[in-house]
Amino acid sequence: MTDKKTRIVIVGGGFGGVFTALDLTSSGDVTLISDEDHFLFTPMLYEYLSGEVEAWHIAPAYKELLDENVNFVRGEVTGIDLDTREVVIEGHKNSVTYDILILAVGGVTNYAGVEGADRHAFPFRKLAHADRLRSRMVEALDHIPPSLPPQDVHRALTFAVVGGGASGVELSTKMADLLRDAFRRRALHGEPRVMIVEMSDRVVPGMGDEIREFVDKALLESRVEVHTETRVVRVGPGAITLEHAGVQTEMETAAAVWVAGVRPSPLVEKLEIQKDRRGLIVVEPTLQVRGHENVFAVGDVALFEDVVPTLSGTAQLAFQQSTLLGRNVGALMAGQKLQTKHFVELGEALSLGTERAAVLAAGKVLSGALARQARFAMYTSRLPTWHHRLRVGASWFFEGTSPRPLQPLGFQR
Ligand SMILES: Cc1cc2nc3c(=O)[nH]c(=O)nc-3n(C[C@H](O)[C@H](O)[C@H](O)COP(=O)(O)OP(=O)(O)OC[C@H]3O[C@@H](n4cnc5c(N)ncnc54)[C@H](O)[C@@H]3O)c2cc1C
């Protein structure tokens, strides 16, 4: 393959796709296709929900990030012909032809077949999802008259967060803090109810005891109810049915938010390539799709074995893989030997409400307000491109990162 003319097509513009495109700007003819017009720094979607950060901070447009040598095509890829090397995009007359293909389409919410969940639960993976959830929180608050008795308020303002992993903890503490702040501002009686529903016997099951202590404390301080060993059996419009110790209970909810699982993007299901039982693409240690030398997979869709187990399905892994991938695409074009790498944890950071966080680095945990600042600083350094990092860092430093209250509709910014 000759470098200049090699057509490299990247499908998906998340952590794996964008960081690879940034690495490949001076190689071949690079095209990035995404169904969104922006990248999303998902670890701060909770701060977008609370208004601590703005959309442009965490979701810069591809046009702002990508070098002018990279072609950006907006559209949903609906099919890929691996024999003719063509990518089909919804609504586009012509398909896009590639010499090298990179699959970086990430995952979608996995409702695990729970009745009604795909129709009635709120997903939380995109900016639009956070906007919808915030509007729902405001709408639910707006329906509470100040004279409503506390027990009725509690029932009408029940928010269930399904899934007690890191996402469930981060989201529930953020929602609880925001709602309680709104209660004070609106002089409402009683308190809102935010609950986590988790199937296993504890929250954040994949995390070490060092950080768990801070998670438990934050859940207590934010008054999040934790229901472990509890399964969601049904989600309806405004109601959720839980099962604990064989007993089912239905309760009214203002919203049930589903952060309990991820499955590969539906595009991957259509591809006739080797996958594991979860539908992940089997890749070689070089990130090449097994049996397809010119096709690579990265991030949440790839089954990469040489990695510490807690890293699978994380932005940290997709980000680290993109560097290896950039190098290997270059090596393939130059006819050189492709490399592999063992990936390790870069540290953990959890947002725990609007005022605190916990950061685990080099075996030490930092917590509270200082950890919140450290997390902002750490994430500034992981945003794509120096230019964007500088703009965002300056904005957070000079303009601050206070949450935006859940004002009544009509008073929203
Ligand atoms: C709310 C939330 C918080 C998270 N927090 C953390 C965290 O703190 N730390 C951490 O390490 N990980 C975190 N993660 C996980 C992390 O976001 C993923 O592991 C990471 O984004 C995977 O990168 P990716 O490139 O594989 O996929 P993604 O980043 O999901 O990117 C996939 C891209 O492909 C696009 N796409 C999908 N299908 C198509 C199609 N058919 N055609 C065109 N485009 C398509 C999508 O729109 C998206 O832009 C979080 C995830 C979420 C949802």
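Sequential numbering from 1 along the given sequence is applied to the chain's residues. Atoms within each ligand, like the ligands themselves, are counted from 1 in listed order. Reckoned from all heavy atoms, side chains included, excluding hydrogens, waters and symmetry mates.
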Checklist line | Residues S167 and Y46: side-chain donor-acceptor under 3.5 angstrom | finding: yes
Notebook entry, point to check: Just wondering, more than 12 heavy atoms not from R180 lying within 6.0 Å of its CZ?
Noted result: yes
Margin query: Under 4.0 Å from a heavy atom of G13: which atoms of ligand 1 are those, numbered in the order shown and with their elements?
Written below: 33 (C), 34 (O), 49 (O)
Check: Any nitrogen or oxygen of V11, main chain or side chain, under 3.5 Å from a nitrogen or oxygen of ligand 1?
Finding: no
Next item on the list: Examine the proximity of ligand 1 to F41 and report which part, side chain or backbone, both or neither, has a heavy atom under 4.0 Å away.
Entry: neither
Item checked: N/O separation below 3.5 Å, G12 to ligand 1 -> no
Check: Heavy-atom distance to atom 4 (C) of ligand 1: which of I33, T314, T42 wins?
Finding: T42
Check: Which bit of S265 gets closer than 4.0 Å to ligand 1, counting heavy atoms only: side chain, backbone, both or neither?
Finding: side chain
Notebook entry, point to check: What is the closest protein heavy atom to atom 37 (C) of ligand 1, and at what distance does it sit?
Noted result: V105 O, 3.1 Å
Notebook entry, point to check: S34 heavy atoms, cut-off 4.0 Å: which ligand 1 atoms fall inside?
Noted result: 43 (C), 44 (N), 49 (O)
Checklist line | Partner residues of Y111 under the ring pair (Phe, Tyr, Trp, His ring centres under 6.0 Å) criterion, sequence neighbours left out | finding: W258
Item checked: Under 3.5 Å: N/O of G16 near N/O of ligand 1 -> yes
Item checked: A315-ligand 1 polar pair, N/O distance under 3.5 Å -> yes
Next item on the list: May I ask you to check if ligand 1 and D300 share an N or O to N or O distance below 3.5 Å?
Entry: yes
Note to self: So which atom in V301 and which in G106 form the shortest heavy-atom distance, rounded to 0.1 Å?
What the structure shows: CG1-O, 3.2 Å
Item checked: Polar side chain donor-acceptor pair, T249 to H244, under 3.5 angstrom -> no
Next item on the list: Check whether more than 12 heavy atoms from other residues, nucleotides or ligands sit under 6.0 Å from atom CD of E355, and answer yes or no.
Entry: no
Note to self: For F41, does the six-membered ring have the charged nitrogen or CZ of R382 within the cation-pi criterion, i.e. under 6.0 angstrom from the centroid and within 45° of the normal?
What the structure shows: no
Note to self: Counting non-hydrogen protein atoms only, what is the nearest one to atom 31 (O) of ligand 1? Give residue, atom name and distance.
What the structure shows: G14 CA, 3.1 Å
Margin query: Quick one about Q288 and E293 (side-chain donor to acceptor, distance below 3.5 Å, no hydrogens or angles considered), yes or no?
Written below: no
Notebook entry, point to check: Given that the side chain starts at C-beta and the backbone is N, CA, C, O, which of these parts of Y62 lies under 4.0 Å from ligand 1, counting heavy atoms, or is it both or neither?
Noted result: side chain
Note to self: Please report whether ligand 1 has a polar contact with Q316, defined as an N or O pair separated by less than 3.5 Å (distance criterion only).
What the structure shows: yes
Check: What atoms of ligand 1 come within less than 4.0 Å of a heavy atom belonging to K126?
Finding: 47 (O)
Checklist line | Over 12 non-hydrogen atoms of neighbours within 6.0 angstrom of CE in M378 | finding: yes
Notebook entry, point to check: Have E52 and S50 got a donor and an acceptor in their side chains that come within less than 3.5 Å?
Noted result: yes
Note to self: Starting from atom 42 (N) of ligand 1, what is the nearest protein heavy atom, named by residue and atom, and what distance separates them?
What the structure shows: V77 N, 2.9 Å
Notebook entry, point to check: For the atom pair OH (Y62) and CG (D37), what is the distance rounded to the nearest 0.5 Å?
Noted result: 8.0 Å
Check: Does H154 offer a backbone N or O that forms a donor-acceptor pair with the side chain of T158 under 3.5 Å?
Finding: yes
Notebook entry, point to check: Less than 3.5 Å between some nitrogen or oxygen of D35 and one of ligand 1, yes or no?
Noted result: yes
Next item on the list: Report, in ascending order of atom number, the atoms of ligand 1 lying under 4.0 Å from any heavy atom of Y379.
Entry: 8 (O)
Next item on the list: Name the closest protein heavy atom to atom 30 (O) of ligand 1, giving the residue it belongs to and the distance to 0.1 Å.
Entry: G106 CA, 3.9 Å
Notebook entry, point to check: Taking the six-membered ring for Trp, are F39 and F15 parallel (under 30°), tilted (30 to 60°) or perpendicular (over 60°)?
Noted result: perpendicular
Checklist line | Donor on one side chain, acceptor on other, S351 and E47, under 3.5 Å | finding: yes
Margin query: Heavy-atom pairs closer than 4.0 Å: do any link ligand 1 to the side chain of E36, the backbone, both, or neither?
Written below: side chain
Notebook entry, point to check: With atoms numbered from 1 as shown, which atoms in ligand 1 lie under 4.0 angstrom from a non-hydrogen atom of G313?
Noted result: 15 (C), 19 (O)
Next item on the list: State the atoms of ligand 1, each with its element, that fall below the 4.0 Å cut-off from a heavy-atom position in G75.
Entry: 42 (N), 43 (C)
Next item on the list: For ligand 1, indicate whether the residue A318 contacts it via side chain, backbone, both or neither (heavy-atom separation under 4.0 Å).
Entry: side chain
Check: Out of A104, P43, S312, S322, whose heavy atom sits nearest atom 32 (C) of ligand 1?
Finding: A104
Margin query: To check you understand the geometry: which heavy-atom pair defines the closest contact between T228 and V203, and what is its length?
Written below: CG2-N, 4.4 Å
Checklist line | Under 4.0 Å to a heavy atom of G299 - the qualifying atoms of ligand 1, by number | finding: 26 (O)
Note to self: For residues 383-392, which residue pairs pass the salt bridge (charged side-chain N to carboxylate O under 4.0 Å, His left out) check, not counting sequence neighbours?
What the structure shows: E64-R391
Notebook entry, point to check: Starting from atom 21 (O) of ligand 1, which protein heavy atom do you reach first, and at what distance in Å?
Noted result: F15 CD1, 3.3 Å
Note to self: Side chain, backbone, both or neither: which applies to Y46 and ligand 1 if a contact is any heavy-atom pair less than 4.0 Å apart?
What the structure shows: side chain
